[in-house]
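Let me begin by presenting the structure, written as structure tokens, before commenting on it.
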Amino acid sequence: MYKISLAFQNFTRRNLALSSCRLGLNKKTPVSTSFPILLDHKHNAQISTVLPNARFFSSLPKLIQQLRKDTGAPMMECKKALSATENDYEKAIEWLRKNGTAKAASKLVGREASEGMVGIAYHDQGMSASIVKVASETDFASRSKDFTTLVEIVANGALSCESDALEDLVKVRVVKVDGENTTEDGNHRTIKDAMDDAVLSIRENLQIANVEKIVAKDKESVLAGYVHGKVFQESNAGTAAALVELNKSSSTKGKPCTLSRDEMEQVGKRLAMHIVAAKPVYLAPENVPEHEIEKEKQILMEQMADSGKSADILEKIVSGRMRKYYEEVCLMEQSHMLEEGNPKVSKLLAQLGLDLVTYKLCFVQK
């Protein structure tokens, strides 16, 4: 054991008090002498005094600089936060969340958020998946690391939310996903807290614009997805994304499926890539609302009103053009862009013995 002389302890107390003054700490607050002392046992000398739950900075400007780096808040806001909390770093962060975010949000409300990013997430060994869109005001902001992280947080949070309502999603705790393992964020933040932190850092109007989920109908289903336009290749966020659910066909007329799950996932990923490129609106012709079909037929009839052709001929022409319309808006009627020979999607899936249960598409409108 090494002993420190009383004189050396008094010297330490004076230095600690002076250091506190240089950092701008409250001079009326007494300096505790019960903090543990770190010793260099080799030379029997004091290295530093350890303050519990404190961060050490050589000057107030460096404290401001670190706070700005950690929160993304403007310098003047950081100075106000430290002044209001008597330079307590952790309390300053909370002050910025409560006051800085509210101030920033009040200035940003009403501003158009037409840019953004789309993200997807998987859970439960690929048996559930989410696709979300978070909107921003500018393309520059949406391509930042902070924004991409926010999109992933919202996508992972959507998997934990039992409801589809946005007011329920923002209450969900932020989770960290490592493969199939999901753990809550150590800071116990909610999705709303993550949104507030991002608004404070990015200084733009940020909104959760779209949230959808797919839960596999049974264990035979395979969920697959594709993200286009990634800024960071390691992330699952980009300018467009699609999810599909494939299942082995239940039809007795079609060819039985002999594909493994990995092979089904590859088929699903290529189909998701086609969906992102082709942007279908409906799954199949029977999913197109009747009023949309009637409106399209009416437009075609009006275009040929002065053609002089008989009603029977016009009906045949309209029928042919409606097939073309279905090929444009219905996924099952489209030619698969990524498969050799560009077969119709419905024909390809039938040959593989697969059913397309559902799909989800989300993209940033350009």
Side-chain angles (χ1 to χ4, degrees), residues 55 62-75 77-78 81 89-90 92-94 96-97 100-101 104-105 107-108 111-123 129-160 169-170 172-179 181-211 225-241 276 362-366:
R55 298 193 182 193
K62 287 193 175 182
L63 187 63
I64 296 170
Q65 183 180 9
Q66 185 63 37
L67 184 60
R68 186 182 184 191
K69 180 181 178 182
D70 288 348
T71 64
M75 185 176 294
E77 289 292 309
C78 292
Y89 193 85
E90 302 302 328
I93 292 177
E94 290 301 315
L96 282 170
R97 280 185 176 172
T101 302
K107 291 182 178 180
L108 302 173
R111 281 163 48 170
E112 184 179 7
S114 57
E115 297 289 340
M117 279 279 170
V118 177
I120 60 177
Y122 303 92
H123 185 49
S130 67
I131 182 168
V132 305
K133 176 183 175 183
V134 182
S136 65
E137 294 178 43
T138 66
D139 175 69
F140 177 79
S142 67
R143 301 179 78 81
S144 67
K145 187 65 176 177
D146 286 347
F147 190 85
T148 302
T149 300
L150 175 66
V151 174
E152 292 178 331
I153 286 173
V154 175
N156 287 320
L159 292 173
S160 305
L169 173 60
V170 295
V172 172
R173 290 283 180 88
V174 173
V175 295
K176 295 179 180 179
V177 178
D178 182 12
N181 299 318
T182 302
T183 55
E184 281 195 6
D185 177 70
N187 296 322
H188 305 293
R189 294 188 305 160
T190 62
I191 299 295
K192 184 181 185 306
D193 292 334
M195 291 289 293
D196 289 344
D197 290 348
V199 168
L200 184 62
S201 174
I202 298 171
R203 316 299 283 189
E204 285 195 6
N205 182 19
L206 308 179
Q207 301 290 334
I208 300 175
N210 189 56
V211 178
Y226 169 69
V227 178
H228 179 73
K230 291 182 180 181
V231 180
F232 305 98
Q233 290 305 309
E234 70 276 9
S235 74
N236 251 350
T239 56
V276 166
C362 192
F363 56 91
V364 178
Q365 191 73 47
K366 294 294 185 181

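Computed from heavy atoms alone, side chains included, the values below leave out hydrogens, waters and symmetry copies. Residue numbers count from 1 along this sequence.
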Rounded to the nearest 0.5 Å, what separates atom [atom1] in [X] from atom [atom2] in [Y]?
X	Y	atom1	atom2	answer
Cys362	Ile120	SG	CD1	11.0 Å
Ile202	Phe140	CD1	CZ	10.0 Å
Asp146	Asp197	CG	CG	9.5 Å
Thr239	Met117	OG1	CE	6.5 Å

Within a strict 4.5 Å, meaning less than it, do heavy atoms of the [X] and [Y] side chains meet?
X	Y	result
Leu206	Phe147	yes
Asn236	Lys230	yes
Met195	Val170	no
Val118	Ile131	yes

Salt bridge (charged side-chain N to carboxylate O under 4.0 Å, His left out) partners of residues 147-159, not counting sequence neighbours, each pair once: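 Sorted pair list comes back empty.
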Which atoms form the tightest heavy-atom contact between [X] and [Y], and what is the distance?
X	Y	answer
Val151	Ala237	CG1-CB, 4.0 Å
Ala92	Ala81	O-CB, 3.7 Å
Leu159	Ala129	CD2-C, 3.5 Å

Under the side-chain contact (heavy atoms from CB on, under 4.5 Å) test, residues paired with Ala158 that sit two or more places apart: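 By the side-chain contact (heavy atoms from CB on, under 4.5 Å) rule, Ala158 matches Ser130, Val132, Leu169, Val211.
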Counterpart residues, side-chain contact (heavy atoms from CB on, under 4.5 Å), relative to Ala194 (two or more places apart):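 Ala194: side-chain contact (heavy atoms from CB on, under 4.5 Å) contacts with Leu150, Ile153, Val174, Arg189.
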Who are the side-chain hydrogen bond (donor to acceptor under 3.5 Å, both in side chains) partners of [X], not counting sequence neighbours?
X	result
Gln233	none
Lys192	Asp196
Ser235	none

Atom CZ of Phe232 with >12 non-hydrogen neighbours under 6.0 angstrom: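 Yes.
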Any donor and acceptor pair, going by atom type alone, linking the side chain of [X] with main-chain N or O of [Y] inside 3.5 Å?
X	Y	result
Tyr226	Ala240	no
Glu137	Asn205	yes
Glu204	Ala141	no

Geometric cation-pi criterion Lys133 and Phe363, 6.0 Å radius, 45° cone: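 Ring-cation test returns no.
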side-chain contact (heavy atoms from CB on, under 4.5 Å) between Ile191 and Ile208, worked out: CA-CA 10 Å; Ile191 299 295; Ile208 300 175; 4.2 Å; yes
